[in-house]
S.K.: 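Got a structure for you, written out below as structure tokens; questions coming shortly.
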Amino acid sequence: MSEETLSMQTARSIYDQSARHWQRRTPNLLTDFSARTLIFELCEDLAGKNVVDLGCGEGYVSRFCKSHGADLVVGIDISSSMIENAEQQEQKQPLGIDYVNASITEVKLENNNFDTALGVFVFNYLTISETTTVFKKVFNALKSQGEFIFSLPHPFLPFAKEKEAPTYFDCGDYDYYSGRDKIFPGKVWCLDESVLDVQMLHKTFSDIFQCLHEAGFKNSPKIYELSVPEELVKQKPNIFQVAKGIPLHIVFELKK
């Protein structure tokens, strides 16, 4: 096993320290209402499928997949505290989800075993090189015509708004190009007005496409650029109004 990188150490530390704040059974984070809502719509037909959830956290997405008919769900996360949360929920409500405490850059995935691979806000914790490594694992793990769906903070978000609600990343003195592969610490707001620490290892759109190409993906992805949902603006205008019209997140959907 290779030595753990700074990016992985930081990701592990963030989520080990804040795991108790991520426990949820209903949508609460800004990203639950934007990217995850769309991802759930894209994953409507999971009956009988094998799914791997990369960076599963406390199992929010994994539970959705298993409860919507997936035959096999494997959730992988680097944070032992987040996996502990997921396993505790599995004990309370057994769904048959397999959770693995490991770095997605190191874990071994069986070739041609999965119909769907998900990566919900996990690749923003990896360098460009690490992202390519994991994309290659995903490509090999997917069956022919298998689907890969993943989300990221929008690459332009750190440069589009001030350090304020409902989400931001501090790019310091870097610009869109000089900030490549640099760590931008950030925060994301929740509907209950709590604030959670997050992180972004900045990648340009070109970087993301290049990582996919080097991993073997040749089909063009569908790309969804997401802003703050209107329902959140109506519920909490004091927090979410400021983000209207600003690109917050992106979702990629593509097939092997």
S.K.: Give, for atom CD of Glu231 and atom NZ of Lys236, the distance between the pair rounded to the nearest 0.5 Å.
M.R.: 13.5 Å
S.K.: What closest approach, in Å, do Arg180 and Thr204 show between heavy atoms, and which atom pair accounts for it?
M.R.: CG-CG2, 3.8 Å
S.K.: Could you check whether any side-chain heavy atom of Phe139 comes within less than 4.5 Å of a side-chain heavy atom of Leu212, counting everything from C-beta outward?
M.R.: no
S.K.: Flag yes if Leu152 and Ile128 sit in one hydrophobic cluster, no otherwise; membership is Ile, Leu, Val, Met, Phe, Trp, Tyr, and two members link when side-chain heavy atoms are under 4.5 Å apart.
M.R.: no
S.K.: Under 4.5 Å between side-chain heavy atoms, counting indirect links through other Ile/Leu/Val/Met/Phe/Trp/Tyr residues: same cluster for Leu72 and Val107 or not?
M.R.: yes
S.K.: Please answer whether the main-chain N or O of Ala141 pairs with a side-chain N or O of Lys256 as donor and acceptor at a distance below 3.5 Å.
M.R.: no
S.K.: Under the rule for side-chain hydrogen bond (donor to acceptor under 3.5 Å, both in side chains), what residues qualify as partners of Thr132, not counting sequence neighbours?
M.R.: none
S.K.: If you compare all heavy atoms of Val251 against all heavy atoms of Ala35, which two are closest, and at what distance to 0.1 Å?
M.R.: CG2-CB, 4.1 Å
S.K.: Listing request: all ring-ring contact (aromatic ring centres under 6.0 Å, His included) pairs with a residue in residues 67-98, at least two apart in sequence or in separate chains.
M.R.: Phe64-His68
S.K.: How many angstroms lie between OG in Ser227 and CG in Leu248, if you round to the nearest 0.5 Å?
M.R.: 4.5 Å
S.K.: Side chains of Glu130 and Tyr125: any donor to acceptor distance under 3.5 Å?
M.R.: no
S.K.: Evaluate the ring planes of Phe252 and Phe150, with Trp represented by its six-membered ring, and classify them as parallel (under 30°), tilted (30 to 60°) or perpendicular (over 60°).
M.R.: parallel
S.K.: Would you say that more than 12 heavy atoms from the other residues, nucleotides or ligands in this model lie under 6.0 Å from the NZ of Lys218, or not?
M.R.: yes
S.K.: Please tell me if the side chains of Leu126 and Thr105 come closer than 4.5 Å, counting only heavy atoms from C-beta onward.
M.R.: yes
S.K.: Which side-chain N or O atoms in residues 164-171 pair as donor and acceptor under 3.5 Å with protein atoms at least two apart or in another chain?
M.R.:
{"from": "Thr167", "atom 1": "OG1", "to": "Lys187", "atom 2": "O", "distance (Å)": "3.1"}
{"from": "Asp170", "atom 1": "OD1", "to": "Gly172", "atom 2": "N", "distance (Å)": "3.0"}

S.K.: Compare all side-chain heavy atoms of Ile78 with those of Ile104 and state whether any distance is below 4.5 angstrom.
M.R.: no
S.K.: Run the side-chain donor-acceptor check on residues 39-52: report pairs under 3.5 Å with partners two or more places apart or on a different chain.
M.R.:
{"from": "Lys49", "atom 1": "NZ", "to": "Asp45", "atom 2": "O", "distance (Å)": "3.0"}
{"from": "Asn50", "atom 1": "ND2", "to": "Asn113", "atom 2": "O", "distance (Å)": "3.0"}

S.K.: Any side-chain heavy-atom pair from His202 and Tyr174 closer than 4.5 angstrom?
M.R.: no
S.K.: Which label fits Tyr176 and Phe156: parallel for a plane angle under 30°, tilted from 30 to 60°, or perpendicular past 60°?
M.R.: tilted
S.K.: Just how far is it from atom CG of Leu142 to atom CZ of Phe114, taken to the nearest 0.5 Å?
M.R.: 9.0 Å
S.K.: Applying side-chain contact (heavy atoms from CB on, under 4.5 Å), run through Thr37 and Asp32 and close with a yes or a no.
M.R.: CA-CA 6 Å; Thr37 298; Asp32 291 340; 5.9 Å; no
S.K.: Looking only at non-hydrogen atoms, find the nearest pair between His154 and Pro247 and report the distance.
M.R.: CD2-CB, 3.4 Å
S.K.: Would you say the side-chain atoms of Asn124 pair up with the backbone N or O of Gln199, donor to acceptor, closer than 3.5 Å?
M.R.: yes
S.K.: Applying side-chain contact (heavy atoms from CB on, under 4.5 Å), run through Leu29 and Trp189 and close with a yes or a no.
M.R.: CA-CA 6 Å; Leu29 279 75; Trp189 271 249; over 6 Å; no
S.K.: Measuring from atom NZ of Lys137 to atom CG of Leu109, what distance do you get when rounded to the nearest 0.5 angstrom?
M.R.: 6.5 Å
S.K.: Does Val242 share a hydrophobic cluster with Leu157, counting links as ILVMFWY side-chain heavy atoms below 4.5 Å and allowing steps through other members?
M.R.: no
S.K.: Under a 4.5 Å side-chain heavy-atom rule over Ile, Leu, Val, Met, Phe, Trp and Tyr, are Leu254 and Val122 clustered together?
M.R.: yes
S.K.: Which pairs count as salt bridge (Lys or Arg N to Asp or Glu O under 4.0 Å) when at least one residue sits in residues 67-96, sequence neighbours excluded?
M.R.: none
S.K.: Around atom CD of Glu230, are there more than 12 heavy atoms from other residues, nucleotides or ligands closer than 6.0 Å?
M.R.: yes
S.K.: Does any N or O in the side chain of Arg36 come within less than 3.5 Å of the main-chain N or O of Leu30, such that one atom is a donor and the other an acceptor?
M.R.: no
S.K.: For the side chain of Asp53 and the backbone of Val61, is there at least one donor-acceptor N/O pair under 3.5 Å apart?
M.R.: no
S.K.: Closest heavy-atom contact between Ile83 and Cys56?
M.R.: CD1-SG, 3.8 Å
S.K.: Side-chain contact, heavy-atom cut-off 4.5 Å: Val228 with Val233?
M.R.: yes
S.K.: Side-chain contact, heavy-atom cut-off 4.5 Å: Glu58 with Met82?
M.R.: yes
S.K.: Could you report the tightest heavy-atom contact between Pro158 and Met200, atom names first, then the distance?
M.R.: CG-SD, 3.5 Å
S.K.: Whether the His249 and Ser151 side chains hold a donor-acceptor pair (N or O, under 3.5 Å, no angle test) is what I'd like checked.
M.R.: no
S.K.: Taking the six-membered ring for Trp, are His213 and Phe135 ring centroids under 6.0 Å apart?
M.R.: no
S.K.: Can you tell if the side chain of Arg63 reaches within under 4.5 Å of the side chain of Ile97, non-hydrogen atoms only?
M.R.: yes
S.K.: Are Tyr99 and Asn85 close enough, and set up right, to give a side-chain contact (heavy atoms from CB on, under 4.5 Å), and what steps lead you there?
M.R.: CA-CA 11 Å; Tyr99 289 111; Asn85 285 348; over 6 Å; no
S.K.: At what distance, to the nearest 0.5 angstrom, does CG of Leu118 lie from OG of Ser62?
M.R.: 8.0 Å
S.K.: Passes salt bridge (Lys or Arg N to Asp or Glu O under 4.0 Å), Glu214 versus Lys136? Steps please.
M.R.: CA-CA 8 Å; Glu214 291 181 10; Lys136 289 179 179 177; 5.5 Å; no
S.K.: Return the set of residues passing side-chain hydrogen bond (donor to acceptor under 3.5 Å, both in side chains) with Asp192 (not counting sequence neighbours), or none when no residue passes.
M.R.: Asn28, Ser194
S.K.: If I take atom SG from residue Cys190 and atom CZ from residue Phe33, how far apart are they, to the nearest 0.5 angstrom?
M.R.: 9.5 Å
S.K.: On a heavy-atom basis, which atom in Phe121 and which in Pro153 lie closest, and how many Å separate them?
M.R.: CE2-N, 3.7 Å
S.K.: Could you go through the side-chain contact (heavy atoms from CB on, under 4.5 Å) check for Phe217 and Val138 one step at a time?
M.R.: CA-CA 10 Å; Phe217 290 98; Val138 170; 4.1 Å; yes
S.K.: I'd like to check Leu201 versus Lys182 (side-chain heavy atoms, cut-off strictly below 4.5 Å). Are they in contact?
M.R.: no
